[in-house]
Amino acid sequence: MKALVLSGGMGLRLRPFSHSLPKQLIPLANKPVLVHVIEALKSLDVTEIGIVVGERPEKIAAVLGDGAELGVRLTYIQQDEPLGLAHCVAIARDFLGDDDFVMYLGDNVLTNGVVEMAREFRAQRPTAQLVVHKVADPRAFGVAEVDEDGRVLRLVEKPEDPASDLALVGVYFFTPAIHEAVAAIGASARGELEITDAIQWLVESGADVRARTYTGYWKDAGRIDDVLACNRELLDGIKPCVDGEVDSESELIGAVVVEAGARIVRSQIIGPAVVGAGALIEGSSIGPHTSIGEDCLLRGAEVSDTIVLARASVQGVRSIRGSVIGREATVTAAGTDGSHRLIVGDHASVEVAA
C-alpha cells in the first residue's frame, strides 16, 4: 500500500506564519506537522509516499528531502492550483499506479493512529474505507450516513440538516477503483473535484464503501488555537530526556525534553515541555505545554502554553501565555507588567510590557 499526503493548501487561517512557511511545516512539539503525518504512515508499514505540494514546494522539500532520514521514500507531486482532493488523486495517477493507497490530509493530527483500520482494510479490502469521527456539530464537515454494519449509504458535504454525526476526518483508504470514480465526476459549484463526489459515485455504483469510527484525539491544525491545542496534546505524550546541559541552579519538573546542544541556566522548566537543539534558556521560567525551537534565546522570560519557533529571541518579558512566536522574531520588554497573548510573525520585532 502507498500513501498520498495532501500538502497543497495555502493556510490562509494561519497567517502571518503561512506567509513564509507552508502550514504543514508548523512545528508541534518541535516536529513539523508533516513529520508527525509521515510517522503515522510508517506505523501502518507504508513507506512509499507521494506528497502533493502547491506553493513553496521547495520549503517542504528542504525539510523532508527524499524521506531517507525518516525511513520512507518521498515523491513530490506538483498541484499548480487548489482544485480539490479528487484532483490530487488524478494528478497522482502515475505515482499511485494500480496500488491500494491511504490518502491523508497533511495538516491532520490523530494521536491514536489508524493502525487497526489499516489492518482491517488490508484484510477485507473493501473498495474504499473512510475514517470518521463523531462531532457535536457536523454542519462544518463532510458527513457520512452509514447503516448498522458501517456501510456508507450517502456522503453529504457540509449539510444544513445533518442526518449523521459522523464527520470525515481526512484519512481515506482506497483501492484503484477510485480512479474510475474520479474520472467520472465533474467540478463542484466551487470549481473543485470533490473526493466526496467521487466516493458517492462509488456508493451509487454499488461498490463496497465502509466507514470506521476513530475515537481518539483528532484536530485539523489549521488555526492558531488549533495549533496550540495540538501542541498541548502531543506534549502530553512525551517522555523526559535530557541530552543538553542543565546547570545546578536550574530545575526540571515533570516531562521535559532538552535536546542536544541546548543549555538551561538558572531557570525552571515545568513539563511537558521541549527545548530545541542549541537553545539557551537563562534566568527564565518555562511553564507547561511549551515548545521552544532550535537556537532560540530566552533570557529573563516567563513563558507557558506557547510555541517559540526556531531562532526566536524573548528577553525580559513575563507572563507570555497561549502564544506563537515566529522564526527569528524578537520580543523584548518595555513599560510595565502585564499578561500577554502574542501572535508574532517570522522575523518580526515587538516590544511588550515586561
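When a residue number appears, it is its place in the shown sequence, counting from 1.
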* **Interatomic distance, Ile292 atom CD1 to Leu297 atom CG [nearest 0.5 angstrom]** => 10.5 Å

* Check whether any side-chain heavy atom of Glu58 lies under 4.5 Å from a side-chain heavy atom of Arg56, and answer yes or no. => yes

* Heavy atoms, side chains only, cut-off 4.5 Å: are Glu302 and Val317 in contact? -> no

* To do: Examine Val102 and Val5 and state if one hydrophobic cluster contains both, with Ile, Leu, Val, Met, Phe, Trp and Tyr joined whenever side-chain heavy atoms are less than 4.5 Å apart.
  => yes

* Asked: Mind checking whether Ile77 and Val53 have side chains closer than 4.5 Å, heavy atoms only?
  -> no

* Residue pair Arg125 / Thr175, side-chain heavy-atom distance below 4.5 Å -> yes

* To do: Over all heavy atoms of both residues, which pair between Pro176 and Asp98 is shortest? Give the atoms and the distance, please.
  => CG-O, 3.1 Å

* Asked: Please walk me through it: do Glu259 and Glu294 pass side-chain contact (heavy atoms from CB on, under 4.5 Å)?
  -> CA-CA 9 Å; Glu259 296 180 0; Glu294 63 181 17; 5.6 Å; no

* Asked: Which residue pairs satisfy the salt bridge (charged side-chain N to carboxylate O under 4.0 Å, His left out) criterion with at least one member in residues 241-258, sequence neighbours excluded?
  -> none

* To do: Check for a donor-acceptor pair, side chain of Ser43 on one end and backbone N or O of Ala40 on the other, with a separation under 3.5 Å.
  => yes

Donor-acceptor pairs are to be reported for all side-chain atoms of residues 156-173 against protein atoms at under 3.5 Å, with residues two or more places apart or in another chain.
unit_1: Glu157; atom_1: OE1; unit_2: Thr196; atom_2: OG1; d: 3.4
unit_1: Ser164; atom_1: OG; unit_2: Ala144; atom_2: O; d: 2.7
unit_1: Ser164; atom_1: OG; unit_2: Leu166; atom_2: N; d: 3.0

* Under 4.5 Å between any side-chain heavy atoms of Leu85 and Leu6, yes or no? -> yes

* For Glu39, does the CD atom sit with more than 12 other heavy atoms under 6.0 Å from it, leaving out its own atoms? -> yes

* Is the closest basic N to carboxylate O distance between Asp295 and Arg311 below 4.0 Å? -> no

* In terms of hydrophobic clusters joined by side-chain contacts under 4.5 Å, are Ile320 and Leu298 together? -> yes

* At their closest point, which heavy atom of Asp305 faces which heavy atom of Arg232, and how far apart are they? -> OD1-NH1, 3.0 Å

Which atom pairs, one a donor and one an acceptor, fall under 3.5 Å between side chains of residues 109-117 and the rest of the protein, sequence neighbours left out?
unit_1: Glu116; atom_1: OE1; unit_2: Arg119; atom_2: NH1; d: 3.0
unit_1: Glu116; atom_1: OE2; unit_2: Arg119; atom_2: NH1; d: 2.3

* To do: Could I get the full list of ring-ring contact (aromatic ring centres under 6.0 Å, His included) partners for Phe95, not counting sequence neighbours?
  => none

* To do: Verify the cluster assignment for Val63 and Leu34: are they in a single hydrophobic cluster under the rule of side-chain heavy atoms below 4.5 Å apart?
  => yes

* Structure fact -> Here the gap from Met103 atom CE to Leu105 atom CG, rounded to the nearest 0.5 Å, amounts to 6.5 Å

* How would you list all residue pairs meeting salt bridge (charged side-chain N to carboxylate O under 4.0 Å, His left out) that involve residues 68-88, not counting sequence neighbours? -> Glu48-Arg73

* Structure fact -> Minimal heavy-atom distance between Leu202 and Ala128, with the atoms involved, is CD1-CB, 4.3 Å

* Please examine the side chains of Leu235 and Ile238, heavy atoms only from C-beta on, and report whether any two atoms are closer than 4.5 Å. => yes

* **Donor-acceptor under 3.5 Å (Thr127 side chain, Ala207 main chain)** => no

* Asked: Do Gln24 side-chain atoms and Val33 backbone N/O form a donor-acceptor pair below 3.5 Å?
  -> no

Extract all donor-acceptor atom pairs below 3.5 Å that involve side chains of residues 272-283 and protein atoms in other chains or at least two apart in sequence.
unit_1: Glu282; atom_1: OE1; unit_2: Arg299; atom_2: NE; d: 3.1
unit_1: Glu282; atom_1: OE1; unit_2: Arg299; atom_2: NH2; d: 3.1
unit_1: Glu282; atom_1: OE2; unit_2: Arg266; atom_2: NH2; d: 3.0

* Asked: Looking only at heavy atoms, which two atoms of Gly54 and Pro57 are closest? And how far apart?
  -> O-CD, 3.2 Å

* **Value rounded to 0.5 Å, distance of CG in Asn30 from CG in Leu309** => 8.5 Å

* Could you walk me through whether Leu74 and Asp66 pass the side-chain contact (heavy atoms from CB on, under 4.5 Å) check? -> CA-CA 5 Å; Leu74 299 180; Asp66 63 2; 5.6 Å; no

* Just by distance, do the side chain of His36 and the backbone of Leu28 share a donor-acceptor pair under 3.5 Å? -> yes

* Asked: Is the side chain of Tyr104 donor-acceptor paired with the backbone N or O of Asp107 at a distance under 3.5 Å, no angle test?
  -> no

* Asked: Which pair of heavy atoms, one from Ala187 and one from Gly191, lies closest together, and at what distance?
  -> CB-C, 4.0 Å

* Who are the side-chain contact (heavy atoms from CB on, under 4.5 Å) partners of Ala90, not counting sequence neighbours? -> Val182

* Structure fact -> Arg139 meets the salt bridge (charged side-chain N to carboxylate O under 4.0 Å, His left out) criterion, sequence neighbours left out, with Asp137

* To do: List the steps, then state whether side-chain hydrogen bond (donor to acceptor under 3.5 Å, both in side chains) holds for Asn231 with Ser291.
  => CA-CA 8 Å; Asn231 190 61; Ser291 297; 2.8 Å; yes

* Asked: Is a side-chain donor or acceptor of Thr306 paired with a backbone partner of Ser304 at a separation under 3.5 angstrom?
  -> yes

* How would you list, by chain and number, every residue that makes a side chain to side chain donor-acceptor pair (under 3.5 Å) with Ser188, sequence neighbours excluded? -> Glu194

* Rounded to the nearest 0.5 Å, what separation is found between the CD atom of Glu204 and the CG atom of Leu153? -> 11.5 Å

* Residues two or more places apart in sequence or in another chain: which of them pass side chain to side chain donor-acceptor pair (under 3.5 Å) with Asp197? -> none

* Asked: Any donor and acceptor pair, going by atom type alone, linking the side chain of His87 with main-chain N or O of Leu193 inside 3.5 Å?
  -> no

* Test item: Ser250 side-chain N/O and Ser267 main-chain N/O as donor-acceptor pair under 3.5 Å -> yes

* Asked: Could you give the distance from NZ (Lys42) to CD1 (Ile49), rounded to the nearest 0.5 Å?
  -> 9.0 Å

* Just how far is it from atom CZ of Arg151 to atom CZ of Arg210, taken to the nearest 0.5 Å? -> 5.0 Å

* Structure fact -> In short, Ala29 meets Leu234 closest at the heavy-atom pair CB-CB, 4.1 Å

* Please lay out, stage by stage, how Trp218 and Val131 fare under the test side-chain contact (heavy atoms from CB on, under 4.5 Å). => CA-CA 11 Å; Trp218 163 58; Val131 180; over 6 Å; no

* **Glu192: salt bridge (charged side-chain N to carboxylate O under 4.0 Å, His left out) partners, not counting sequence neighbours** => Arg190

* Presence of salt bridge, Glu233 and Lys219, under 4.0 angstrom -> no

* Determine, using the 4.5 Å side-chain heavy-atom cutoff (strictly less than), whether Tyr76 and Leu25 are members of one ILVMFWY cluster. => yes

* **Same cluster (ILVMFWY, side-chain, under 4.5 Å), Leu252 and Ile270** => no

* Non-neighbouring partners of Trp201 that pass ring-ring contact (aromatic ring centres under 6.0 Å, His included), sequence neighbours left out -> none

* **Check: Leu96 and Phe174 side chains under 4.5 Å, non-hydrogen atoms** => no

* To do: With the side chain counted from C-beta on, respond yes when Ile195 and Val89 share a heavy-atom pair under 4.5 Å apart, and no when they do not.
  => yes

